[in-house]
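Before anything else, here's the structure in question.
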Amino acid sequence: MEVSSEYAVQMHGIAKRFGAFTALDCVDLDVRKQSVHAILGENGAGKTTLMNILYGLYQSDEGEIYLNGQKASITSPTEAIRHGIGMVHQHFMLIENFTVTENIILGDEVCGAAGILDMNRARQKVMELVERYGFDVDPDAKIEDISVGMQQRVEILKALFRGAEILILDEPTAVLTPQEIDKLLEIMQDLIAGGKTIIIITHKLKEIMRSADECSIIRRGKYMGTVNVAESSEGDLAARMVGRNVNLKVDKTPAHPGDVVLSVKNLTVADERGIEQVRGLNLDVRSGEIVGIAGIDGNGQQELVDAITNLVRTKSGKIRVGSQEVQNTSPRNVLDHAVATIPSDRHRWGLVLPMMVAENTVLERHNEDLFGKGIMLDYDKLHSYTSELIKRYDIRPAGCEQERMSGLSGGNQQKAIIAREVSYVPDVLIAFQPTRGLDVGAIEFVHKTLIAERDRGAAILLVSYELDEVMDVSDTIAVIYHGQIVGTFAQGTVDEEQLGLLMAGGGSQ
Amino acid sequence: MNAIVKFLKRPIASALVAILCGFAVAAVILAVAGYNPFITFGTLIHGSIGTPKYITNVIIKATPILLTGVAVAFAFQTGLFNIGAEGQYILGTICATIVGVTVDLPGPLEVPLVVLAGALGGALLGAFIGFLKAKFGIHEVITSIMCNWIMMYLCNFVVGTDAFHKPNSNTAFPIHTSGYTMILPEWKVSEEGIEYLIAHPLLRDVLLKTDLNLGFLVAVLVAVLVGILLSRTKLGYELRAVGLNKDAARFSGIGVEKSIVTCMCISGAICGLAGALNITGIAPHTISLLKVQEGYGFNGLSVAFIAGCSAIGCIPSSLLFSALIYGGMTVQQVLGVPSEIISIMIGTIVFFTALPSIAPKISAWIERRRSEKESSTPNSTAKEA
Amino acid sequence: MNNVILLIGITLMYSTPLVFGALGGVVSERSGVTNIGIEGMMVVGALAAAAGSYFTGSPWMGFLIAGICGALVALLHAVASISFAADQTVSGVAINLLAPGLALFACRSFFDGGATSPIVTKLPKIFGDTWMQGTPWANLNVNVTTVIALVLTAVVWFVLYKTKWGLRVRAVGEHPAAADTLGISVSKTRYACVLCSGMLAGFGGASVTIAIISQFTQTAICGQGFIALAAVIFGKWKPFGAYGACMLFGATQALTIILGGGSFPIPSTILSMLPYVMTIIVLILFVGKSVAPKADGVPYIKGSR
């Protein structure tokens, strides 16, 4: 495409390699001024890498960047900021124990003489911005005390404070409720009306259809073309993203629930600061059914799962597995009651990355006689056992049992965790954010495995921040808000709007 | 060239590169200070492995630091930094001395008793430090350092008590001779023994002029056992998992707090054993007043880090370390070079082992240069995302 | 009354080197670099101060040189832990081996093979040398370094909390990636802080050899750097918190000395343990939840989260 000042951003022939891995291979991007341009691609397709190049965090190996028709070289975030580019990262770049104002001015401080901070003037400038864009943000609040939606607005303010004309939003809706998403889309329209240009990175088709004017598609580092969103459809975009026709719906047969296997009664759990995050929560999960917990991050999901797995102590209430109470015992005890868990953060809770794959697949079972008699651990048995799992679950690369876990891709790491947990033949399977950061193929695998486990007779508790996932996979949907279940529905009896309202604390059943 | 690249990618290369750097830095400092580095290094090597007696003494002096090194390496692999090896060593010597002085049994009973007392003392102190970390979350480095000082004063206290103080000296009473672990201690000073040794000069050098004792064998055995414990047992697997990812270990049902205490207990026991073996093995077979900490624990840190925290690797590493220190004394006596040059060397070696990326970086550099020669296209070496 | 004055005097004297060391620790760790090498930097500072005072004849020059030399040693730690992403604990341990070796080697080279320096000119006391001589009040005539330590504590506090540089340092220590995306150089900030930390530790060494005693000896610095580290943690990584922790430690030292001089039936060896035992007890009682800077001890590698 020709270089022209009609375009706010033009990136031509961008290539980026990390060692032997080609992250981007000759990618083009042309973003019209005052438009919302979406970049669509699977996890790991290279969307974020492309934007990190535009923001100066990485340097491209080949290709050129033009801003408003002028060739630009962007070698650092400072350069990008100077060119009027602002970026809101998927994982917010906010300092938790700083105030909103401190976060906004960081690096571009409002100072009196000799570098002494002038916090009054800084606060004033932040307030001006807040008022101009109608954001609902308290400049003196600490980041750790405000909601995720508000944190996102702080991130946008950070960019606007630096005079950004081009805003990059990386997966901006991942952690928001449907209502918050509406609010964000409104803000985006206001910004466009105010003369800004917005690039959003996403793998969610629905939001692209709603918000974007144009959409560029990247698949495995390759440019797949740009489409006019108004002339396209979800199915079309999905096919271009994945490279084949995908089934957007999850296939499953109706559930045949049995007895209650996991039962939570009046559970109250406080976090480490002593604030109650779960407040008298009640929940039953039957064998042969998937109960999905819908809710926004930070409404007690983490504490609920931690209490069931006994990582934290409860304040009051009972957790029963079968007929036995398991609260305030030990993680070991819960495992011994055949409760398996796929943790939300696989790097933190699920895997010991520097250890071998084989050592990871027996992480909860190494004490069984199967893996060595007495005090000794029999590595030969470990390897043969793991190589079996690798084959059965198609973990790649094949024969990786003696490789370090850190060398596997995210999807294969998740497969290894699922292989381990399912090999337990659990009565209860807790899946917490089981598809986080996975591509479409891996997501399909995870969902199929969950449904297969359900059909085997396990009781499945699915906790996810992705509302679509909960709605598609669960037989029963429970909404968590403020540490309580505020509504329970059979699948198909509730729509997104209703759930969103409950998730945000509005209305009651 | 290929062989070099291949070699540089092996973990041992980092240690060897670091040792070379140590010698290089020492050479520069020596030259600046007006000493001939080559003569100094020659003397150093001669002073450490020049005669059978020297070699024997190097081995004897390697014993305690091999053990403290293994203790530190073991703790490090399980995610703990046992800077308290010094205090645990001292408590080992104290306990061994107290038991060795007060209990008098025949050798086969006395020796294990004294050695066990030392190991137990170290184990208790280690477990205490581990307990404070597990229960109250107090960083082990702080409590360890405090305990090092407390143990030093405890040692001085014990030396000063009426029950143990040897009159007109800076030491406590030596332990009963039945607790000694030297090789043939009585025979070698008997008439018959001396006669035999005069006829066999090599043995005379090794035996008569030194405190050659069983300690080193015990230490090597411990190093091997710890190596097996870490790499081949369920306990070792659990401890390593805790060290590498505490959260994942807890999640999978491993008692993290229990592991921390267990690990510090074992590490402390090894340090205490080091102390006890020094009491049973070498003169004066007792504790003395300490003005400063003796450095067995701190030297253990260096031994462990040079060995890349491999228990088995501590064996060559402790011998190297011991040779440097022992040879350093000769250097000072013969050439008048301050023996601190040895501390500088060891410090430099440890410093370079802290840079794990240095050997891989060199090999990457060689490979890059070669590929640049082969094709003139620029090669990207960006960091991994 | 006399004992109280004595207690205050000795407390201030003992705590001064610790305050310098602890401030160094605060500055370095606030930027995200653990610094176990404070002890070694103090030893180098101690020698540099004595040698500087001896050769220039000015104790103030000695003080300055001590700061510079401390910073030079810190540069090693900075290169390892920032540029090479080394294990900061191992690097710190290496500094503690290397630095005392260097100091003693230099001492022997400067002063004809002696492990101690000659007696050198000391820094002045705050009220001059003869104020209230012979009365208990003379104990309150503290070294000028005691005042410098207090002033520097205030300066570090002010810079950390009231200036843009402090904001940046704290940001880098908490969330380096966030700072990086705003165009703040993580490595430059950390280099500056580690060098500053070495300078402060160097001052700490100087405050022993050219203020409390008047020469460098092998045992002038023995463990103060480590106690200063404990003070950093106990003081929750805050300048005045660390200052208070150092005072507490100094006070127990002073108590030990005063009790040792009295007619108490406690052996001096047991009394000597007191400060260390106290520290452990205080930590058990008060340490609570860890509040270390989030990125403390974690090397920052661009592009990783």
Side-chain angles (χ1 to χ4, degrees), chain A residues 16 18 23 48-49 51-53 55-59 75-82 85-99 101-119 122 143-144 154-155 158-159 161-162 168 170 272-274 347, chain C residues 26-27 29-32 85 87 154-190 192-193 196 236-238 241 287-296 298-305:
Chain A
K16 176 73 185 166
F18 295 107
T48 303
T49 307
M51 286 301 105
N52 280 341
I53 289 171
Y55 193 61
L57 283 167
Y58 298 147
Q59 313 311 312
T75 53
S76 69
T78 320
E79 283 287 297
I81 293 166
R82 211 170 49 76
I85 302 172
M87 182 160 178
V88 175
H89 296 262
Q90 182 181 6
H91 302 277
F92 296 154
M93 294 290 182
L94 295 171
I95 293 146
E96 295 249 304
N97 58 3
F98 278 21
T99 65
T101 306
E102 283 174 330
N103 267 291
I104 290 174
I105 64 169
L106 182 64
D108 190 14
E109 295 85 354
V110 184
C111 289
I116 296 169
L117 293 170
D118 185 345
M119 286 312 282
I143 298 299
E144 58 199 5
V154 175
E155 280 282 21
K158 263 165 74 176
F161 184 80
R162 287 164 177 73
I168 307 164
D170 189 356
E272 48 193 17
R273 289 183 292 173
H347 290 175
Chain C
V26 167
V27 170
E29 306 218 347
R30 264 309 173 93
S31 77
D87 187 313
V155 169
V156 169
W157 172 82
F158 186 83
V159 172
L160 271 182
Y161 292 99
K162 296 290 165 194
T163 69
K164 65 176 184 180
W165 299 292
L167 192 72
R168 291 174 182 198
V169 167
R170 287 185 290 136
V172 165
E174 287 288 333
H175 196 336
D180 195 10
T181 56
L182 295 176
I184 295 167
S185 164
V186 175
S187 67
K188 274 185 202 156
T189 309
R190 287 188 169 174
C193 286
C196 221
K236 306 210 166 185
W237 287 269
K238 294 186 173 127
V287 78
K289 214 178 75 185
S290 161
V291 282
K294 278 214 186 73
D296 196 8
V298 188
Y300 178 64
I301 298 161
K302 247 184 153 60
S304 70
R305 290 203 180 96

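Below, all heavy atoms of this structure are taken into account, side chains as well, without hydrogens, waters or symmetry copies. All of these numbers come straight from a predicted model, not from anything done at the bench. In the text below, chain A, chain B and the rest are named by the order of the sequence lines, each starting its count at 1.
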Using heavy-atom distances under 4.5 Å, tell me whether Ala114(A) contacts chain C through its side chain, its backbone, both, or neither.
backbone
Under a 4.5 Å heavy-atom cutoff, which of Arg162(A), Met119(A), Glu79(A) has the most pairs with chain C?
Arg162(A)
Which bit of Tyr55(A) is near chain C, if near means a heavy-atom gap under 4.5 Å: side chain, backbone, both or neither?
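It is the side chain, since no backbone atom gets that close.
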If I measure from the heavy atoms of chain A, does Leu167(C) come under 4.5 Å with its side chain, its backbone, both, or neither?
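Answer is both: backbone and side chain atoms of Leu167(C) are under 4.5 Å from chain A.
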Please tell me if the side chains of Leu94(A) and His175(C) come closer than 4.5 Å, counting only heavy atoms from C-beta onward.
no
Those residues at least two apart in sequence (or on a different chain) that pass side chain to side chain donor-acceptor pair (under 3.5 Å) with Gln59(A) are none
Contact check, side chains of Lys162(C) and Leu117(A), non-hydrogen atoms, under 4.5 Å
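In short, these two side chains do not touch, never coming nearer than 4.5 Å.
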Non-hydrogen atoms of Ala171(C) and Leu106(A) that approach each other most closely:
CB-CD2, 3.4 Å
Within the 4.5 Å heavy-atom criterion, are Leu182(C) and Asp108(A) side-chain neighbours or not?
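Heavy-atom side-chain distance check fails, nothing below 4.5 Å.
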Minimum-distance pair of heavy atoms, taken over all atoms of Glu174(C) and Ile95(A)
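So the two residues come closest at CB-CG2, 3.8 Å.
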Can you tell me how far the CZ atom of Phe158(C) sits from the CD1 atom of Ile116(A), to the nearest 0.5 Å?
4.0 Å
Please report the closest heavy-atom contact between Arg170(C) and Phe98(A), naming both atoms and the distance.
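Smallest heavy-atom distance, with atoms named: CB-CZ, 3.6 Å.
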Within 6.0 Å of NZ in Lys188(C), more than 12 heavy atoms from elsewhere
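Count not over threshold, so no.
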Most contacts with chain C, counted as non-hydrogen pairs under 4.5 angstrom, among Val110(A), Ile105(A), Asn97(A)
Asn97(A)
Closest approach of Pro77(A) to Gly183(C) (non-hydrogen atoms, all atoms of both residues)
CB-N, 4.1 Å
Which atoms form the tightest heavy-atom contact between Ala178(C) and Met93(A), and what is the distance?
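So the two residues come closest at CB-O, 3.4 Å.
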Less than 4.5 Å to any heavy atom of chain C: does that hold for the side chain of Ile81(A), its backbone, both, or neither?
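Side chain of Ile81(A) only, per the 4.5 Å heavy-atom cut-off to chain C.
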Among residues at least two apart in sequence or on other chains, which ones pass side chain to side chain donor-acceptor pair (under 3.5 Å) with Arg168(C)?
Glu109(A)
